[in-house]
Amino acid sequence: MAHLDITILIDAAPDVVWHVLADLERQGEWMVDVRRIDVVSERKRGAGAVFDVTSELFGLPIVRDVMEITAWDPPRRMDVLHRGQFHGTGSFILDPAAAGTTRMWWLEDFEPPLGRLGELAFRLAVRPHLLRAFGRSLRNLKRLAEARAPR
């Protein structure tokens with residue numbers, strides 16, 4: 001099982017951060033590796049919403065993922081089940097911090113494809129790449145949320 005865990009402090013209240021995070025159709029505006037995102041279920045938000053995502057890996061748009069929202073607790077938590085090329089779970093967790101700020105965690109747990117070879121490739125190349133991409137994505141989300149925050 002592969003695990004990723006990244007966090008950021010955002011100078012905006014959790015409800016402001018949630019507003020950016022929960023707009024599923026627009027996640028590609030802040031997720032640097034997303035090339036296409038389509039909500040394919042009738043439900044557009046909340047538990048049960050399903051979306052189709054094409055992401056890039058090392059600059060190539062090759063990762064197809066189908067995700068289903070499994071937990072939706074505004075403005076605290078969103079969990080997803082990955083049902084595409086990668087099988088596993090993801091979570092966004094928002095915790096209020098001091099003076100109207102939010103500590104946000106992005107957690108991912110999944111099985112790399114190709115067994116032991118996939119696990120080795122993940123440790124050596126994919127994990128560092130994803131940590132950089134997720135870090136840039138969270139900085140983008142931070143910028144968007146802070147621009148919406150009242151001053």
Side-chain angles (χ1 to χ4, degrees), residues 1-39 45 49 51-114 117-151:
M1 181 68 72
H3 177 77
L4 294 171
D5 181 340
I6 190 164
T7 185
I8 193 166
L9 184 64
I10 302 172
D11 190 18
D15 60 323
V16 175
V17 178
W18 181 266
H19 183 78
V20 176
L21 174 67
D23 189 349
L24 302 177
E25 293 95 349
R26 298 181 73 184
Q27 282 188 349
E29 292 179 12
W30 58 270
M31 287 188 175
V32 298
D33 60 338
V34 168
R35 292 296 154 252
R36 182 183 174 121
I37 186 166
D38 296 304
V39 179
R45 286 191 172 66
F51 46 112
D52 222 349
V53 180
T54 300
S55 297
E56 70 176 36
L57 185 60
F58 300 111
L60 300 172
I62 58 171
V63 179
R64 184 172 175 271
D65 200 357
V66 176
M67 290 184 245
E68 179 179 350
I69 306 277
T70 57
W72 184 272
D73 182 17
R76 312 263 319 169
R77 184 178 189 121
M78 179 192 314
D79 294 346
V80 300
L81 176 65
H82 295 278
R83 303 186 323 208
Q85 289 174 302
F86 289 89
H87 298 277
T89 59
S91 297
F92 295 107
I93 302 167
L94 308 176
D95 262 347
T101 63
T102 301
R103 170 77 54 196
M104 180 175 171
W105 284 267
W106 186 349
L107 311 171
E108 294 283 345
D109 290 294
F110 57 89
E111 290 288 333
L114 306 177
L117 179 61
E119 289 176 17
L120 179 62
F122 176 80
R123 279 196 314 275
L124 296 177
V126 176
R127 185 177 196 282
H129 171 77
L130 290 179
L131 287 173
R132 283 189 302 275
F134 288 5
R136 286 184 16 235
S137 294
L138 285 180
R139 288 188 297 277
N140 288 341
L141 184 140
K142 172 184 170 80
R143 181 181 37 78
L144 292 170
E146 289 177 351
R148 290 177 179 258
R151 298 285 162 209

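In what follows, every heavy atom counts, from backbone to side chain, and hydrogens, waters and symmetry copies are set aside.
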Could you give me the CA-CA distance, side-chain angles and deciding distance for Gln27 and Leu21, then say whether side-chain contact (heavy atoms from CB on, under 4.5 Å) is met? CA-CA 7 Å; Gln27 282 188 349; Leu21 174 67; 4.2 Å; yes

Measure from the side-chain N and O atoms of [X] to the backbone N and O of [Y], and report whether any donor-acceptor pair falls under 3.5 Å.
X      : Y      : value
Lys142 : Ile8   : no
Asn140 : Trp30  : yes
Asp52  : Asp38  : no
Thr7   : Met104 : yes
Thr102 : Ala12  : yes

Restricting to non-hydrogen atoms, name the atom on [X] and the atom on [Y] that form the minimum distance, rounded to 0.1 Å.
X      : Y     : value
Val39  : Phe51 : CA-CB, 3.8 Å
Ala145 : Ile10 : CB-CG2, 4.1 Å
Ser91  : Arg77 : OG-NH2, 3.4 Å
Pro150 : Val16 : CD-CG2, 4.4 Å

* State, without any angle test, whether Asp79 and Thr70 hold a side-chain donor-acceptor pair at a distance under 3.5 Å. =>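 There is no such pair (donor and acceptor under 3.5 Å, judged by atom type) between the side chains of Asp79 and Thr70.
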
> Do Glu108 and His82 have side-chain N/O donor and acceptor atoms under 3.5 Å apart?
Replying inline: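 Distance-only check passes for Glu108 and His82.
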
How long is the straight-line distance from [atom2] of [Y] back to [atom1] of [X], given to the nearest 0.5 Å?
X      : Y      : atom1 : atom2 : value
Leu144 : Arg139 : CG    : CZ    : 13.5 Å
Asp33  : Thr54  : CG    : OG1   : 11.0 Å
Trp72  : Trp18  : CH2   : CH2   : 5.0 Å
Leu138 : Leu9   : CG    : CG    : 12.0 Å
Ile6   : Trp105 : CD1   : CH2   : 13.0 Å
Leu141 : Phe134 : CG    : CZ    : 13.5 Å

What's the verdict on side-chain contact (heavy atoms from CB on, under 4.5 Å) for Thr101 and Glu146, showing C-alpha distance, side-chain angles and the deciding distance? CA-CA 10 Å; Thr101 63; Glu146 289 177 351; over 6 Å; no

- Item | Ion pair Arg45/Asp23, N-O distance below 4.0 Å |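 Answer for the salt bridge query: yes.
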
- Message: Under a 4.0 Å threshold between the charged nitrogen and the carboxylate oxygen, would Asp65 count as salt-bridged to Arg83?
- Response: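 Salt bridge between Arg83 and Asp65, a charged N being under 4.0 Å from a carboxylate O: no.
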
Audit row: Asp5, Trp106, side-chain contact (heavy atoms from CB on, under 4.5 Å) steps and yes/no: CA-CA 6 Å; Asp5 181 340; Trp106 186 349; over 6 Å; no

Over 12 foreign heavy atoms within 6.0 Å of CZ, Arg26 |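 For Arg26, atom CZ is not crowded (no more than 12 foreign heavy atoms under 6.0 Å).
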
